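What follows is a short report on a single structure.
Quantities reported herein were computed from a predicted structural model and do not represent experimental measurements.
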Amino acid sequence: MADRPYFSKKLSVEDFQKFYWYKTELVQICKDNQLPSYGTKAELNQYIIQYLSGIPQSQIKTVRTNTHISSLKTEQINPQTKLLATGFKLNAEARKFFADYFQMSKFSFKKSMAIKMRQVQSDQDTSATVQDLIDAYQNKTLTDNEEEHTYQWNNFVKDFNHDERSKKYSQKMKVAAIIWSKVRDGQTDKTYRSQLIDQYQSEIEKYRKN
């Protein structure tokens, strides 16, 4: 297993993408190299990939911009409302709209809706409407985009905990973290597989229940 290299401009895009980087690391890389340092992990990754591909820093622009349009009130929102340049936001007013639309006493935004909103902002998709968020809430649209792939650690822990073999260990989060550190810095898929317990048995044996 190759160790994760230190970041430098000489790093190839392929080598950069082979390894897992925490968001705090991506932010610092962007700051150190005069790149936009605000956004999701997927957005930060794209800035760095552009930089490693030879695009000058001056030409790498943030994919999302702040606007000063007043936020929409609940009564101004309908399924045909555009998500961009209208003042629509995932705020309390939008929550009231969705609660009324779905006939709920209390409404909570789903992660799929937030992902869809950020995707629309990143792509500057001027055709997207509130209906797209309704579809995302109802799981009618694909949300497995680049940002979704950045939840690798959370998915890793979830799959580890679902493995019956994990019950044989105390301090399960510690054990998961040890295995994850090996996978994170390796060149294989950043997903949990039961055989990883066997592969790294020497590192986690001390946490095995008697």
With side chains defined as the heavy atoms from C-beta onward, is the minimum distance between [X] and [Y] less than 4.5 Å?
| X | Y | value |
| --- | --- | --- |
| Phe109 | Phe98 | yes |
| Ile197 | Tyr169 | yes |
| Asn161 | Lys172 | yes |
| Gln195 | Gln199 | no |
| Ser71 | Glu93 | no |
| Asn78 | Val130 | no |
| Phe88 | Leu133 | yes |
| Phe156 | Leu196 | yes |

Looking at [X] and [Y], what are the two nearest heavy atoms and their distance?
| X | Y | result |
| --- | --- | --- |
| Leu44 | Cys30 | CD2-SG, 4.0 Å |
| Thr86 | Lys82 | OG1-O, 2.7 Å |
| Ser127 | Asp132 | O-OD2, 4.5 Å |
| Ile178 | Glu203 | CG2-CB, 3.8 Å |
| Lys209 | Ser170 | CG-N, 3.8 Å |
| Ser12 | Leu52 | O-CD1, 4.2 Å |

List for me each residue that meets side-chain hydrogen bond (donor to acceptor under 3.5 Å, both in side chains) alongside Gln34, sequence neighbours excluded, and say none if there are none.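 So Gln34 forms no side-chain hydrogen bond (donor to acceptor under 3.5 Å, both in side chains) with any residue.
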Suppose we screen for side-chain hydrogen bond (donor to acceptor under 3.5 Å, both in side chains). Which residues come up paired with Gln76, at least two apart in sequence or across chains?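 Partners of Gln76 under the side-chain hydrogen bond (donor to acceptor under 3.5 Å, both in side chains) test: none.
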Can you find a side-chain donor-acceptor pair between Tyr47 and Thr62 that sits under 3.5 Å?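 Yes, because at least one side-chain N or O of Tyr47 sits under 3.5 Å from a partner of the opposite role on Thr62.
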Checking Asp163 against Ser166 for the side-chain hydrogen bond (donor to acceptor under 3.5 Å, both in side chains) test, could you report, in this order, the C-alpha distance in whole Å, the side-chain angles of both residues, the deciding distance, and whether it holds? CA-CA 6 Å; Asp163 187 347; Ser166 69; 5.8 Å; no
What pairs of donor and acceptor atoms, side-chain ones from residues 99-108 against any protein atom, are under 3.5 angstrom apart with sequence neighbours left out?
none

Is it true that a side-chain atom of Asn33 and a backbone atom of Leu35 form a donor plus acceptor pair closer than 3.5 Å?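 No, Asn33 side chain to Leu35 backbone: no donor-acceptor pair under 3.5 Å.
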Between Tyr20 and Lys190, is there a cation-pi geometry (under 6.0 Å to ring centre, at most 45° from the normal)?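 Judged by the rule (NZ or CZ under 6.0 Å from the ring centre, within 45° of its axis), Lys190 is not positioned above Tyr20.
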Using the six-membered ring of Trp21, assess whether NZ or CZ of Arg4 lies under 6.0 Å from its centre and within 45 degrees of the ring axis.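 Relative to the ring axis of Trp21, which defines the angle, Arg4 lies inside both limits.
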Answer yes or no: are there more than 12 heavy-atom neighbours, outside Gln201 itself, under 6.0 Å from its atom CD?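 Count over threshold, so yes.
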Pair Asp198, Arg193 - check salt bridge (charged side-chain N to carboxylate O under 4.0 Å, His left out), show working. CA-CA 10 Å; Asp198 298 320; Arg193 304 170 300 283; over 6 Å; no
Stepwise, does the salt bridge (charged side-chain N to carboxylate O under 4.0 Å, His left out) test hold for Glu43 with Arg118? CA-CA 10 Å; Glu43 291 165 354; Arg118 286 194 288 268; over 6 Å; no
